Amino acid sequence: MENNTNSYDEKRTVMVTNDDGIDAPGLRALVRVLVSSNRFRVLVCAPDSEKSAVSHSITWRHPVSVKQVDIDGATAYAVSGTPADCTSLGISGALFPSVPDLVISGINMGSNCGYHIVYSGTVAGAREAFFNDIPAVSVSYDWVGGISSVNDYTLAAEACLPIFSVMLTEIRNKNYPLRGFLNIDLPTDVANHKGYKLTRQGKSIFKMGWREVTSERQGGKMLSTMEMETDSAARTETGTSTEAGGHLLFRREVRGAQVDDADTDKQFLQEGYITVTPLGAVSQAEADFHSFFKEWLPSVVQRFSSSAL
């Protein structure tokens with residue numbers, strides 16, 4: 001009898017999380033593609049509601065609640081915590097009977113490039129797995145309002161499938177390095193992407209400001225990268241102002257963008273490539289910034305004493 005290499009016992013276990021919530025179309029599309037490929041056992045442990053831009057925050061002072069959710073082909077749980085909580089719980093052995101071979105966080109609504117990686121709950125979901133020596137990848141789609149559609153998440157997941165499959169082959173063969181994790185961004189026109197490009201994290205970021213509003217619902221939808229959706233016109237709410245109780249309301253807004261370096265994740269994403277960026281736990285300081293303190297720090301006490309005279 002011929003061996004079936006895709007039998008259940010041969011499948012590797014993949015756990016999916018995100019920061020847009022367990023009902024988000026990006027996560028659901030990713031799970032459908034993983035399940036339909038018949039290559040993986042699929043687990044899901046994701047926030048029960050949107051937890052965008054929470055970075056690597058964790059729940060510490062109180063327990064999280066967990067509820068099983070029906071997702072075809074997967075064993076899934078919704079958690080009242082952050083993306084980092086979900087990954088930590090999902091890989092702990094306390095929720096699922098086995099530890100996953102790979103953690104995939106996404107697919108996020110909006111890109112995660114440059115300095116935005118610091119704010120991203122999606123990236124944190126993968127980073128938490130890396131902290132625990134489990135291979136991981138975060139995945140984001142460069143959603144543009146009025147251009148993108150829900151079907152683009154499916155195309156994005158399908159475009160990533162070769163990466164996931166080969167990663168798991170390397171993991172099975174014990175060849176996969178555990179010194180970092182991957183961050184993948186897919187271009188807006190994912191159906192016509194230019195291929196895969198190994199990139200480095202750049203310095204792109206949207207400069208944020210604040211403006212006073214009179215309602216919690218006033219303003220457009222903010223993506224998890226803190227970029228406003230272009231098709232979300234500001235909504236002015238009528239009725240009683242929330243200032244009546246003595247509270248003022250302020251909402252973040254985009255004031256501009258910092259231009260990115262050349263040859264970085266954001267640039268190649270805008271050019272239409274699927275960017276694959278290796279990341280570590282923390283970002284190191286630039287060499288010239290570090291070298292400034294080599295002589296400066298030993299002289300601190302002497303300089304302070306002199307200035308105090």
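Not measured: the values here are computed from a predicted model.
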Any non-hydrogen side-chain atom of I117 less than 4.5 Å from a side-chain atom of R127? yes
Rounded to the nearest 0.5 angstrom, the CG-OG distance for L269 and S111 is 5.5 Å
Minimal heavy-atom distance between A94 and S92, with the atoms involved, is N-OG, 3.1 Å
Is any side-chain heavy atom of S120 closer than 4.5 Å to one of N108? no
Margin query: If you define the side chain from C-beta out and look only at heavy atoms, does anything of I58 sit under 4.5 Å from S88?
Written below: no
Tested for salt bridge (charged side-chain N to carboxylate O under 4.0 Å, His left out) against R28, the lone hit among D72, D20, D23 is D23
In short, S165 meets R39 closest at the heavy-atom pair OG-CD, 3.7 Å
Could you check whether any side-chain heavy atom of L27 comes within less than 4.5 Å of a side-chain heavy atom of L30, counting everything from C-beta outward? no
When rounded to the nearest 0.5 Å, the distance separating CD of E158 from OG of S36 is 7.5 Å
Does S55 reach the main-chain N or O of V118 with its side chain, forming a donor-acceptor pair under 3.5 Å?
yes
Taken to the nearest 0.5 Å, the spacing of C45 SG from L89 CG works out to 4.5 Å
Requested in this report: Could you tell me how the ring of Y273 sits relative to the ring of F268: parallel (under 30°), tilted (30 to 60°) or perpendicular (over 60°)?
Outcome: perpendicular
Side chain to side chain donor-acceptor pair (under 3.5 Å) test vs T277 passes for just one of T264, T199, N183, namely T199
TODO: Walk me through it: do K11 and T13 pass the test side chain to side chain donor-acceptor pair (under 3.5 Å)?
DONE: CA-CA 7 Å; K11 292 178 181 178; T13 302; over 6 Å; no
Shortest non-hydrogen pair, A136 vs M167, comes out as O-CE, 4.3 Å
In this structure, CG of L34 is separated from CZ of R41 (nearest 0.5 Å) by 13.5 Å
Can you say whether the rings of Y141 and Y153 are parallel (under 30°), tilted (30 to 60°) or perpendicular (over 60°)?
perpendicular
Q) Heavy-atom distance under 4.5 Å between the side chains of F164 and V33, does that happen here? A) no
G90 and F96 have their tightest heavy-atom pair at O-CD1, 3.3 Å
Check your understanding: F130 and I104: same hydrophobic cluster, using ILVMFWY side-chain contacts below 4.5 Å?
Key -> no
Next on the checklist: Are I107 and W143 packed together at the side-chain level, in the sense that at least one heavy-atom pair is separated by less than 4.5 angstrom?
Outcome noted: no
* Asked: Any sub-3.5 Å donor-acceptor pair from S148's side-chain atoms to G145's backbone N or O?
  -> no
Exercise. Check whether any side-chain heavy atom of S52 sits under 4.5 Å from a side-chain heavy atom of D19, and report yes or no.
Key: yes
- prompt: Would a hydrophobic clustering, with Ile, Leu, Val, Met, Phe, Trp and Tyr connected at side-chain separations under 4.5 Å, put I134 with Y77?
  reply: yes
**Message:** With a 4.5 Å cut-off on side-chain heavy atoms, are P278 and L198 touching?
**Reply:** yes
Across all chains, not counting sequence neighbours, the salt bridge (Lys or Arg N to Asp or Glu O under 4.0 Å) partners of D189 are none
Shared hydrophobic cluster, V301 / F304 (ILVMFWY, side-chain heavy atoms < 4.5 Å): no
Any link between F131 and V137 through a network of hydrophobic side chains (Ile, Leu, Val, Met, Phe, Trp, Tyr) touching at under 4.5 Å?
no
Please step through side chain to side chain donor-acceptor pair (under 3.5 Å) for the pair S291 and D288, ending with a clear verdict.
CA-CA 5 Å; S291 63; D288 58 346; over 6 Å; no
Paired with S138, the side chain to side chain contact (heavy atoms under 4.5 Å, CB included) test is passed by just one of N18, T122, V103, namely T122
**Message:** Taking V35 as the starting point, is it possible to reach I22 by hopping between hydrophobic residues whose side chains are less than 4.5 Å apart?
**Reply:** yes
Here the pair of heavy atoms bringing D265 nearest to G114 is OD2-N, 3.0 Å
>> For F250, I'd like to know if atom CZ has over 12 heavy atoms of other residues, nucleotides or ligands within 6.0 Å.
In response: yes
Residues A156 and L186: closest non-hydrogen pair is O-CD2, 3.6 Å
- Does A29 offer a backbone N or O that forms a donor-acceptor pair with the side chain of T154 under 3.5 Å? no
